[in-house]
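To start, the structure itself, in structure tokens.
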Protein chains: 4
Amino acid sequence: METQRGSEVWLQNNLFDEIIAYAKETSLKQSAKQKKILEVAIDMFAKKGYSNTSTAEIAKRAEVSEGTIFKHYGTKDKMLFSIIFPFIKSALPSLANEVFREIFTEKTATFEDFLMAFFKNRTQFIIENRQIFQVVVKELIYREELRNELLSLFQENITPRINQVVDYFKAQGKLIQLPNEMILKVLFTFIGGFFISNFVWLNRSTVSDDEVKTAVRFVMHGLSSSNEGSE
Amino acid sequence: METQRGSEVWLQNNLFDEIIAYAKETSLKQSAKQKKILEVAIDMFAKKGYSNTSTAEIAKRAEVSEGTIFKHYGTKDKMLFSIIFPFIKSALPSLANEVFREIFTEKTATFEDFLMAFFKNRTQFIIENRQIFQVVVKELIYREELRNELLSLFQENITPRINQVVDYFKAQGKLIQLPNEMILKVLFTFIGGFFISNFVWLNRSTVSDDEVKTAVRFVMHGLSSSNEGSE
Amino acid sequence: METQRGSEVWLQNNLFDEIIAYAKETSLKQSAKQKKILEVAIDMFAKKGYSNTSTAEIAKRAEVSEGTIFKHYGTKDKMLFSIIFPFIKSALPSLANEVFREIFTEKTATFEDFLMAFFKNRTQFIIENRQIFQVVVKELIYREELRNELLSLFQENITPRINQVVDYFKAQGKLIQLPNEMILKVLFTFIGGFFISNFVWLNRSTVSDDEVKTAVRFVMHGLSSSNEGSE
Amino acid sequence: METQRGSEVWLQNNLFDEIIAYAKETSLKQSAKQKKILEVAIDMFAKKGYSNTSTAEIAKRAEVSEGTIFKHYGTKDKMLFSIIFPFIKSALPSLANEVFREIFTEKTATFEDFLMAFFKNRTQFIIENRQIFQVVVKELIYREELRNELLSLFQENITPRINQVVDYFKAQGKLIQLPNEMILKVLFTFIGGFFISNFVWLNRSTVSDDEVKTAVRFVMHGLSSSNEGSE
DNA sequence: CATGAATGAGACTTCATTCAT
DNA sequence: CATGAATGAAGTCTCATTCAT
């Protein structure tokens, strides 16, 4: 498809650089109309998906002309990326930096504490950006190129730090002695499943502390009867 | 959009009835051409998504005329449902009936045995129908109506039986004493995450026995060091 | 511009091959509607130019839907090439073959005879295809790529034969002893000027025999008083 | 098309008056920005053609706002005429006056001398304004109205003087005894062909004296062997 | 005066669907 | 029954022009 081919060309460079460039370009000097356009676009992309949303409908709901949209974003694709990239930018690096620092040093005696802090932090972030999260998840499913870039970013930015944490608690004998790769696999499967099922599939706007606690407990001890477990 | 509005109208009746009706209609008198059409459609919907696939392209690759497609399926939407519904029909009811019987009675001494059998059985099923599974997952994300119907079906057909199993093992003291609802929630989150991450997101065509074992072990005992665990 | 970039891509292969392929594709199996479309397109491109003619207007005048146009020609550019290429195909090679054979051997005692036959033959051809000639001339002015391809074709197909003729008459002492290159340059300048001024610039639908005679006389003897000339 | 209809309305008055009016308006109070705008517009119109050049691109390259362009020129069409008209104004009247005086009286013993001086003078003029010449040629091809006006201007201003010259040399027996009309026709065909092929079609930036000489020789004596010719 | 955000008409193109053959 | 030419609504995008600042 033309659009998709176009987007791939546009993605030839490093995604991360694009993210930065785009975030700057976009988040600064955003007029009221531009904000309204993005707002509407995010809402509609989240609900109906990118392909099923027409620029005409966005223009109508944002109360601007279609021309205005293209004046600002050039193509529909770029509008999508103006939404996706800044989100990933703030989701990933901050995940890597502040989040880990905040979470890890503050009296995190156990991996459970770490997980708890992590879940709460990211849950809040996703709730604050729920619609964009939905857009990202829904689009990544169709855009292999984008998905691979994201995986790379993940491998570079997140995996090493998680590995540190895992190694740290393994050394304390508090985590199962499995290869990190396998630990991370099941961990991400569950965490991803948790966020996507709650905030995309079920479109919930909040989760209770109890649910988070249950989730963390599950990650730590599974479903077996805990006649010997810690909690 | 026209297409989606159309599909909603069409879905006003009970989904399950439609599934049955469609399955009959479709699986019986399927000519070679019809099979080829569906084959091509599944392949393309799985790869590019329903919205990004044109009937013209399907016709061309299936080596039939566009007219033929509409002779058989009426609308593009109905073609999609001819793919999705039989899959759900064979995924859900068989899950409810044969599968459970097969799995549960055969020397399933522990919940772990049950899970193992379940994982293996469903993994095989999904691998055999991987592309259709991808189509279903990708489309359900955009079709709330369909998603809700599926959830209802699940609640009616699957949940009760899982509850039976869970109650059975709870009574034996082998499962954590949590409300079934919470147990099912984490269970489905992980299982769904496992299937979708492997067979949609990563588009893998197989998973090793080791991976399944690790997954089941995780479900049972989590990530904590198993100085007291059974395995 | 998008369109032009597109056309260049399309032109990467050898123009001549494309001509052949296109001519075959187009001239065969042409339905009445297709003919009408081309007819209208030629008329409008000739009058207003390619850029200033919209597909909507073509559709309206040809009494078909816009969809039909794109069903047949894919893009507006390809429609243009469906017009230009077959014309060039029949203008150049036949110029090279039949024309030269016809013209050159039939009692062409003098270069003047040759020129006369040539002028008459090509004048008739252009009059028969006047509108297409106009389209070609008007588009070549904007499409350097196309122009260069045409120049190459000319160098390969026409120039050698003209050189033969020129050499032949030079050997008989009937032509000026200048390098062929210079002879051809002034010759083509005048012949091109003659055809373009009459059939594009002035949009004439015919020229009289007298005019042709005067033109040929000019080519041979110029404007000087012919106190020694042959005519 | 809107643009063309606009231009026709605008052309209802006498072209020549407009030329004068425009030339005054334009050449006087031209600010640096206006000059830059025209410079860029000429460059782009010459390269890509009027229709394929957007005002946005002109504004960007001229480093002014789009508003500024329309403040100065009102419409895109008027901007084109601000380019074309002064050129025609300086090409035609000066052709009629100074040029003829310069050329004709300075020891022009023969028509060949006259032609030589004429070619050199106009070649220089066109080279100095090559891009504008290209714009004029390319646009005249599409604008019949403008073309006709120009023809009229030519008939009124240039033809009479050329006739004088032709008559003068005819009287001296140095030119062929043909009706002036026919002489002028072939003369203009060749001269027009010479300028357009060299400076538009081939986009050359200069021609050698030799080429000019050959051209003039051709005009005078044609291609016949000059066993009796003067040169 | 200059700016550039905004417009809306219209450009090219796609596509699900229909229907005469 | 199958075909594929035809449709027309809707899609993305461009662009000359306007106007509040």
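We use all heavy atoms of the structure for the numbers below, so side chains are in, but hydrogens, waters and symmetry mates are not. Numbered from 1 within each chain, the chains take letters A, B, ... in sequence-line order.
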Rounded to whole angstrom units, what separation is found between the [atom1] atom of [X] and the [atom2] atom of [N]?
{"X": "C:Glu57", "N": "E:dA11", "atom1": "CD", "atom2": "P", "result": "8 Å"}
{"X": "C:Asn52", "N": "F:dC15", "atom1": "CG", "atom2": "C1'", "result": "14 Å"}
{"X": "A:Leu80", "N": "F:dT12", "atom1": "CG", "atom2": "P", "result": "12 Å"}
{"X": "D:Lys48", "N": "F:dC15", "atom1": "NZ", "atom2": "C1'", "result": "12 Å"}
{"X": "D:Ile58", "N": "F:dT14", "atom1": "CD1", "atom2": "C1'", "result": "15 Å"}
{"X": "D:Tyr50", "N": "F:dT14", "atom1": "OH", "atom2": "P", "result": "19 Å"}
{"X": "C:Lys60", "N": "E:dG10", "atom1": "NZ", "atom2": "P", "result": "11 Å"}
{"X": "D:Lys78", "N": "F:dT18", "atom1": "NZ", "atom2": "P", "result": "10 Å"}

May I ask you to decide whether [X] forms a salt bridge with [Y], counting only side-chain N to carboxylate O separations under 4.0 Å?
{"X": "C:Glu57", "Y": "C:Arg61", "answer": "yes"}
{"X": "D:Arg143", "Y": "D:Asp77", "answer": "yes"}
{"X": "D:Glu139", "Y": "C:Lys138", "answer": "no"}

Only counting residues at least two apart or in another chain, list the ones meeting side chain to side chain donor-acceptor pair (under 3.5 Å) with [X].
{"X": "A:Thr75", "answer": "none"}
{"X": "D:Lys60", "answer": "none"}
{"X": "C:Lys36", "answer": "C:Glu63"}

message = Could you spell out the base pairing of DNA chain F as a dot-bracket line? Use Watson-Crick and G-U wobble contacts where both distances are under 3.5 Å, [ ] for crossing pairs, | for partners on a different strand.
response = .||||||||||||||||||||
ask   = Stepwise, does the side chain to side chain contact (heavy atoms under 4.5 Å, CB included) test hold for D:Leu80 with D:Tyr73?
value = CA-CA 9 Å; D:Leu80 175 65; D:Tyr73 300 101; over 6 Å; no
query = Atom NE2 of C:His72 and atom CD1 of C:Ile37: how far apart are they, to the nearest 0.5 Å?
reply =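 Here the rounded value is 5.0 Å.
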request  = State which residues pass ring pair (Phe, Tyr, Trp, His ring centres under 6.0 Å) with C:Phe70; sequence neighbours excluded, sorted by chain then number.
outcome  =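 Expected list: none.
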Check nucleotides 2-4 of chain F against the protein and report each pair of N or O atoms closer than 3.5 Å, with its distance, or say if there are none.
{"from": "F:dA2", "atom 1": "O3'", "to": "B:Lys33", "atom 2": "NZ", "distance (Å)": "3.3"}
{"from": "F:dT3", "atom 1": "OP1", "to": "B:Lys33", "atom 2": "NZ", "distance (Å)": "3.3"}
{"from": "F:dT3", "atom 1": "OP2", "to": "B:Ser65", "atom 2": "N", "distance (Å)": "3.3"}
{"from": "F:dT3", "atom 1": "OP2", "to": "B:Thr68", "atom 2": "OG1", "distance (Å)": "2.6"}
{"from": "F:dG4", "atom 1": "N7", "to": "B:Gly67", "atom 2": "N", "distance (Å)": "3.4"}

query = Which part of the nucleic acid, if any, lies within contact of D:Ser54, taking any heavy atom under 4.0 Å across all strands shown: a base, the sugar-phosphate backbone alone, or nothing?
reply =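 Sugar-phosphate, no base atom in range.
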ask   = Quick one: on DNA chain F, does D:Ala56 or C:Ile69 contact a more 5' nucleotide (nearest heavy atom)?
value =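 Nearest nucleotide further toward 5': that of C:Ile69.
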ask   = At under 4.0 Å, does any side-chain N or O of B:Thr55 touch on OP1 or OP2 of E:dC15?
value =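 Negative; the distance criterion is not met.
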